[in-house]
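This report refers to the structure that appears directly beneath it.
Source: prediction; values computed, not measured. When a residue number appears, it is its place in the shown sequence, counting from 1.
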Amino acid sequence: MQEFLRKDFSKILKHNGLEARRLMRESDSTVSRVYDRNLEGLDVTVELYGPYARIVDYGDESLCDDDRIEVIDLVRRFLYIESDKVIFRERRKRPNGEQHEKNDESLVVEVRENSHIFKTELLKYVDTGLFLDQEKTRRSVEASSFGMKVLNLFSYTGSFSVYAAYGGAERVDSVDLSNVYTAWARENLDNNGFFDRNKYPTYAEDAETFIETAIRERKKWDIIIFDPPAFSNSHKAHDFDLKKDYLFYLYNFTKILSDGGVVIFSENLSSFNLDKGKIKAYYKSQEVTDELRAFGFSKKRSSVRIFRLEKVKEFKGEMMKRIIDDDSLEMLSLGDEGEKKERKPFKKEERRERRPERREFERGEKRGYGVERGSFKDRKPYTEERRWEGGRRDSERPSYRRDSDSYRERRRYDDRPSFRDDYEERPRRRDYERPRDDRDGRWNRDDRPQRRDYDDRPRRRDWEERPSYRREYDDERPRRSFDDRPRRPRDAEERPRRPRKAPVPYGYDEFRRTKGRDEKKEDE
């Protein structure tokens, strides 16, 4: 590891570690993130789980053995963790939606977050069972769930359910497909004192099947927590893809939400983009990611986004069906409303049939607005008689002006003398000067003298014959050279100069003159 990278990593660990411990004491917590891939070149995260520190490598390439040992040593020294309680794990991208491999070893640690007890697994799974980036989101659910009915869909280990139950919710339903995580959620509820399964039930069931049953039974909830994975491929149900399936859930949520109900939608996929135009008619959306960002998570690196969707109206029609193995969101079945808005592409033959038939024009007929369109109804047919009516040639076109009196008094255009015939006889403008006649102020062509030839004009003087300003100046007032200037004699007495003061050091205003040994004796 490079020296500057080592120093910066140590500073971040020390600063965030002290701040995290202060916040944990105030909130009665034992979990926090202290490093979130802040430095380029060190793509790891560091989290505290009670007495343990967990390091996860997210880089495309694994750290070498020396760098791994050095990272573990820095975490141990600057976070004050025992060497045998520092855990290092690697997390690589899953190609084609494959699941992460499980580890044979297991390490279960009970931690506290805002005085709530949760079970975490630090070795067996890639995820520990408690997502620390949702800490503020869970607190907001706790603050707004008093007397509400809450549905925790894709509940995972039930952390949202625990917070909602602590907030005084009337009922909390937790739904997840995995039997392992459903039992884990039930254990977290029991550890926090919520044993009543009629009030806090857990369901190991597919989310789509659960929603269909709820719509059929007309169940209603006030808050729905929708925190799904990016994708999942389980043998118990259809494959889940967030990009293709989120609209299916959001449309159907309007049928099981009470009036004014809220959906807390959270996703952790960097390439996901919520299409607000498609849900605008049913939800009032607001992104609250920055308000609910947890401590220790970098804004640049974190990809989690949180939306608060408030129901405006219910989606009418039958339940929306999910299209399986179809990448196009435009082909989703939207029930009765979707059939009205469905658009079918026109074929070329259908488009040609819908076009109006083109009218065939006769020879010589001008194309334009016809009688069929309702304009120019009294228009005369365009025939050969009107061919030259709008033309340029005056001799060939019939014109009413020939028969008028004003036209007879004028000279015919064809009888006028041609400009080219008398062009050379007319005097040219460049051959004469232009004096004015005193009588009428016009140009008098008879008295114009001919312009002189170019060769008869007096030529300019040469440069040598011209009077030079510099030459005249030298004759009248000779310039004084540099050597003729009066100089100060060397023997002259110079003006006494002030003695230059020595620079005073910083912090001293003045110096006292010290006396020599002989001067001290004279004073005595």
Quick one: [atom1] on [X] to [atom2] on [Y], what's the gap to the nearest 0.5 Å?
{"X": "L257", "Y": "Y283", "atom1": "CG", "atom2": "OH", "result": "5.5 Å"}
{"X": "Y181", "Y": "D127", "atom1": "OH", "atom2": "CG", "result": "6.5 Å"}
{"X": "F253", "Y": "L309", "atom1": "CZ", "atom2": "CG", "result": "10.0 Å"}

Measure the shortest side-chain to side-chain distance between [X] and [Y] over non-hydrogen atoms and say whether it is less than 4.5 angstrom.
{"X": "M24", "Y": "L48", "answer": "yes"}
{"X": "V108", "Y": "S106", "answer": "yes"}
{"X": "V46", "Y": "R33", "answer": "no"}
{"X": "V71", "Y": "R6", "answer": "no"}
{"X": "S258", "Y": "W221", "answer": "no"}
{"X": "F118", "Y": "V31", "answer": "no"}
{"X": "L107", "Y": "T120", "answer": "no"}
{"X": "T30", "Y": "E110", "answer": "no"}

Yes or no on side chain to side chain donor-acceptor pair (under 3.5 Å) for E47 and S32, after CA distance, side-chain angles and deciding distance? CA-CA 6 Å; E47 295 176 342; S32 180; over 6 Å; no
For this session: Could you check K124 against E105 for salt bridge (charged side-chain N to carboxylate O under 4.0 Å, His left out), going step by step and ending with a plain yes or no?
Result: CA-CA 6 Å; K124 192 172 185 179; E105 300 179 1; over 6 Å; no
Could you check whether the rings of [X] and [Y] sit parallel, tilted or perpendicular, using 30° and 60° as the cut-offs?
{"X": "F315", "Y": "Y282", "answer": "perpendicular"}
{"X": "W184", "Y": "Y156", "answer": "tilted"}
{"X": "F265", "Y": "F272", "answer": "perpendicular"}

Is [X] salt-bridged to [Y], cutoff N-O under 4.0 Å?
{"X": "R22", "Y": "E26", "answer": "yes"}
{"X": "E287", "Y": "R305", "answer": "yes"}
{"X": "D190", "Y": "R197", "answer": "yes"}
{"X": "E291", "Y": "K136", "answer": "no"}
{"X": "R91", "Y": "D57", "answer": "no"}
{"X": "E135", "Y": "R293", "answer": "no"}

**Prompt:** Would E212 and T209 satisfy side chain to side chain donor-acceptor pair (under 3.5 Å), going step by step from the backbone distance to the final call?
**Reply:** CA-CA 5 Å; E212 290 178 357; T209 307; 5.2 Å; no
Given the rule in the side-chain contact (heavy atoms from CB on, under 4.5 Å) test, do L153 and D227 qualify, once you have shown the distances and angles that lead to the verdict? CA-CA 7 Å; L153 208 62; D227 186 16; over 6 Å; no
So ring-ring contact (aromatic ring centres under 6.0 Å, His included) across residues 46-67, not counting sequence neighbours, yields none
With distance as the sole criterion, is a donor-acceptor pair present between the side chains of Y163 and N114 under 3.5 Å? yes
Walk me through whether R308 and I264 qualify under side-chain contact (heavy atoms from CB on, under 4.5 Å). CA-CA 5 Å; R308 186 181 185 275; I264 306 298; 4.3 Å; yes
The side-chain hydrogen bond (donor to acceptor under 3.5 Å, both in side chains) partners of S174 (sequence neighbours excluded) come to S161
Those residues at least two apart in sequence (or on a different chain) that pass side-chain hydrogen bond (donor to acceptor under 3.5 Å, both in side chains) with D84 are none
Handout entry: From CA spacing to verdict: side-chain contact (heavy atoms from CB on, under 4.5 Å), E267, L242
Key = CA-CA 8 Å; E267 55 85 17; L242 178 62; 3.6 Å; yes
Going through the checks in order, is the salt bridge (charged side-chain N to carboxylate O under 4.0 Å, His left out) test met by R138 and E113?
CA-CA 10 Å; R138 289 190 282 268; E113 186 185 66; 3.1 Å; yes
*asked:* Run the salt bridge (charged side-chain N to carboxylate O under 4.0 Å, His left out) test on R171 and D173 for me, step by step, so that the C-alpha distance in whole Å, both residues' side-chain angles and the decisive distance to 0.1 Å come before the verdict.
replied: CA-CA 7 Å; R171 180 186 176 90; D173 296 275; 3.1 Å; yes
Check your understanding: Is the centre of the F194 ring less than 6.0 Å from the centre of the Y166 ring?
Key -> yes
